[in-house]
Amino acid sequence: MTTSTNGNFDRTPLIAGNWKMNMDHVQGITLLQKLAWTLSDAKHDYSRVEAAVFPPFTDLRGVQTLVQGDELDIAYGGQDLSQFDSGAYTGDISGQFLNKLGCKYVLVGHSERRTIHAESDEVLNAKVKAAYRHNVIPVLCVGEGLEIRQAGTHVQHTLDQLRADVEGLTAEQAAELVVAYEPVWAIGTGEVAGPEDAQEMCAAIRAELTELFDADVAAKVRLLYGGSVKASNAAAILKERDVDGVLVGGASLDPAEFANIVRFESHLVTG
Ligand SMILES: O=C(CO)COP(=O)(O)O
């Protein structure tokens with residue numbers, strides 16, 4: 001583990017690309033290959049900044065084959081998992097299957113799952129626990145909608161989600177967790193929360209994790225910001241003390257743009 005640029009203990013920054021429902025398995029392989037070549041040309045040091053992609057389920061086997069075959073250092077994960085392990089749950093995907101496909105991570109509670117699929121905090125808590133049961137690290141997404149932001153209760157709302165979704169985890173499990181703060185009003189809108197907004201929420205999340213577990217755990221959890229992140233705004237957000245990475249949607253579909261976000265440190269050096 002290396003020290004991140006923002007001077008945070010030893011949390012390795014994580015730059016994560018959520019492809020959402022884009023890229024079939026052929027397109028996905030091309031995208032990942034281009035990303036790997038771009039990062040390799042730039043001599044990217046993966047031990048300084050970790051890169052991960054979250055393709056659709058149907059791409060994962062191809063991604064696994066490419067990552068293994070070319071010995072890529074890029075991590076990958078699923079965009080969702082079932083709270084159950086196996087059985088009569090048509091259309092669902094078990095954490096066990098993700099583990100078998102070499103997934104290191106899985107997104108849990110993305111706002112599109114919370115809204116379109118009406119996933120409750122109770123279900124999401126069960127999904128977080130299912131991820132740990134199958135040795136896949138949950139990237140738990142939390143964040144408020146526009147109305148809540150305008151009412152000024154966004155911190156309380158987001159911490160309520162966090163508390164409900166991590167309930168019952170052991171300190172050991174919690175220390176591995178990744179939390180992504182994604183204000184819904186900033187997703188896919190071009191409206192990016194300012195670095196101060198990202199910092200305000202990430203500091204509040206870290207303080208809450210200290211309350212719920214302890215300071216040691218809170219110091220280990222990586223906190224990401226997501227919502228209209230691009231190469232042009234990533235470095236400023238990542239400079240914030242409690243922000244340890246970003247979760248990127250649209251911009252992760254362009255390999256050059258995403259590679260530039262992964263290489264945010266070079267932007268910090270040049271100004
Ligand atoms: O939802 C997101 C990532 O999970 C953010 O999406 P955009 O980067 O397209 O705003």
Side-chain angles (χ1 to χ4, degrees), residues 16 18-21 54 56-57 77-99 103 105-189 193 201-202 204-209 211-213 217-218 221-227 247 249:
N18 175 9
W19 296 358
K20 307 194 179 184
M21 199 173 73
F54 293 81
F57 289 134
Q79 296 176 11
D80 179 41
L81 83 167
S82 171
Q83 67 269 44
F84 306 110
D85 295 342
S86 67
Y89 303 104
T90 302
D92 287 349
I93 297 292
S94 167
Q96 187 202 327
F97 307 160
L98 297 180
N99 174 294
C103 289
Y105 298 107
V106 63
L107 300 181
V108 177
H110 191 279
S111 63
E112 287 144 23
R113 303 292 315 175
R114 290 180 191 262
T115 52
I116 302 166
H117 298 273
E119 292 186 0
S120 65
D121 284 317
E122 194 185 1
V123 165
L124 295 174
N125 179 243
K127 289 191 174 197
V128 166
K129 287 174 178 162
Y132 283 111
R133 262 200 314 283
H134 297 293
N135 292 317
V136 182
I137 299 171
V139 177
L140 172 66
C141 305
V142 293
E144 81 287 352
L146 186 59
E147 277 179 24
I148 291 170
R149 164 65 62 163
Q150 284 168 343
T153 52
H154 49 285
V155 173
Q156 188 196 322
H157 171 90
T158 303
L159 296 184
D160 283 348
Q161 286 180 329
L162 175 75
R163 261 192 306 274
D165 298 346
V166 303
E167 210 213 304
L169 295 193
T170 65
E172 204 183 10
Q173 289 173 328
E176 269 206 281
L177 184 69
V178 178
V179 180
Y181 168 56
E182 296 208 307
V184 181
W185 49 270
I187 295 178
T189 57
M201 190 62 81
C202 287
I205 291 173
R206 208 176 297 289
E208 187 65 26
L209 290 168
E211 283 280 303
L212 292 171
F213 301 97
V217 167
V221 175
R222 285 181 296 174
L223 305 182
L224 317 185
Y225 165 79
L247 181 54

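All values below were derived from every heavy atom in this structure, side-chain atoms included, with hydrogens, water molecules and symmetry-related copies excluded. The structure presented is a predicted model; accordingly, all values stated were derived computationally and were not measured.
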- Note on the structure: What one should report as the nearest heavy-atom pair of A180 and V139 is CB-CG1, 4.2 Å

- Query: Just how far is it from atom CD of E176 to atom OG1 of T170, taken to the nearest 0.5 Å?
  - Reply: 9.0 Å

- Message: Between Q83 and L124, is the side-chain contact (heavy atoms from CB on, under 4.5 Å) condition met? List the steps.
- Response: CA-CA 8 Å; Q83 67 269 44; L124 295 174; over 6 Å; no

- Kindly say whether A218 contributes a backbone atom to a donor-acceptor pair with the side chain of R206 at under 3.5 angstrom? yes

- Grab the two heavy atoms, one from I187 and one from S111, that are nearest each other, plus how far apart they are. CD1-OG, 3.3 Å

- Is a side-chain donor or acceptor of R113 paired with a backbone partner of Q79 at a separation under 3.5 angstrom? no

- Query: Taking it one step at a time, do M201 and Y225 satisfy side-chain contact (heavy atoms from CB on, under 4.5 Å)?
  - Reply: CA-CA 9 Å; M201 190 62 81; Y225 165 79; over 6 Å; no

- Task: List the steps and the verdict of side-chain contact (heavy atoms from CB on, under 4.5 Å) for L107 and L247.
- Result: CA-CA 10 Å; L107 300 181; L247 181 54; 4.2 Å; yes

- Which pair of non-hydrogen atoms, one from R222 and one from Y105, has the smallest distance, and what is that distance? NH2-OH, 2.9 Å

- Message: In the structure I gave you, are the side-chain heavy atoms of L140 and V128 within less than 4.5 Å of one another anywhere?
- Response: yes

- Message: Which residue is it: D80, D85, D92? I am looking for the one with a salt bridge (charged side-chain N to carboxylate O under 4.0 Å, His left out) to K127.
- Response: D80

- Query: Rounded to the nearest 0.5 Å, what separation is found between the NE2 atom of H154 and the CZ atom of R149?
  - Reply: 3.5 Å

- Message: Applying side-chain contact (heavy atoms from CB on, under 4.5 Å) to I93 and L81, what does each step give before you reach the verdict?
- Response: CA-CA 5 Å; I93 297 292; L81 83 167; 5.8 Å; no

- Query: Hey, are the side chains of F213 and V221 touching, using non-hydrogen atoms and a 4.5 Å cut-off?
  - Reply: no

- Is there side-chain contact between H134 and L98, with heavy atoms separated by less than 4.5 Å? no

- Task: May I ask you to decide if E112's main-chain N or O and H110's side chain share a donor-acceptor pair within less than 3.5 Å?
- Result: yes

- Task: Calculate, to the nearest 0.5 Å, the distance between atoms CG and CG belonging to D121 and D160 respectively.
- Result: 8.5 Å

- Message: Could you report the tightest heavy-atom contact between S82 and A130, atom names first, then the distance?
- Response: O-CB, 3.6 Å

- Query: With distance as the sole criterion, is a donor-acceptor pair present between the side chains of E147 and W185 under 3.5 Å?
  - Reply: no

- Query: How many angstroms lie between atom OH of Y132 and atom CG of L169, to the nearest 0.5 angstrom?
  - Reply: 5.5 Å

- Hey, does the side chain of E182 reach the backbone of G143 with a donor-acceptor pair shorter than 3.5 angstrom? no

- Heavy-atom closest pair, residues A16 and L224: CB-CD1, 4.5 Å

- Going by the angle between their ring planes, with limits at 30° and 60°, are Y89 and F84 parallel, tilted or perpendicular? parallel

- Message: Under a 3.5 Å distance rule, please check whether Q156 uses its side chain to pair with a backbone N or O of T153 as donor and acceptor.
- Response: no

- What are the two closest non-hydrogen atoms of F57 and G78, and how far apart are they? CE2-CA, 4.3 Å

- Message: Please report the interatomic distance CD(E119) to CG(N125), rounded to the nearest 0.5 Å.
- Response: 12.5 Å

- Message: If you define the side chain from C-beta out and look only at heavy atoms, does anything of L177 sit under 4.5 Å from V217?
- Response: no

- Query: From K129 NZ over to D165 CG, what is the distance, rounded to the nearest 0.5 angstrom?
  - Reply: 10.5 Å

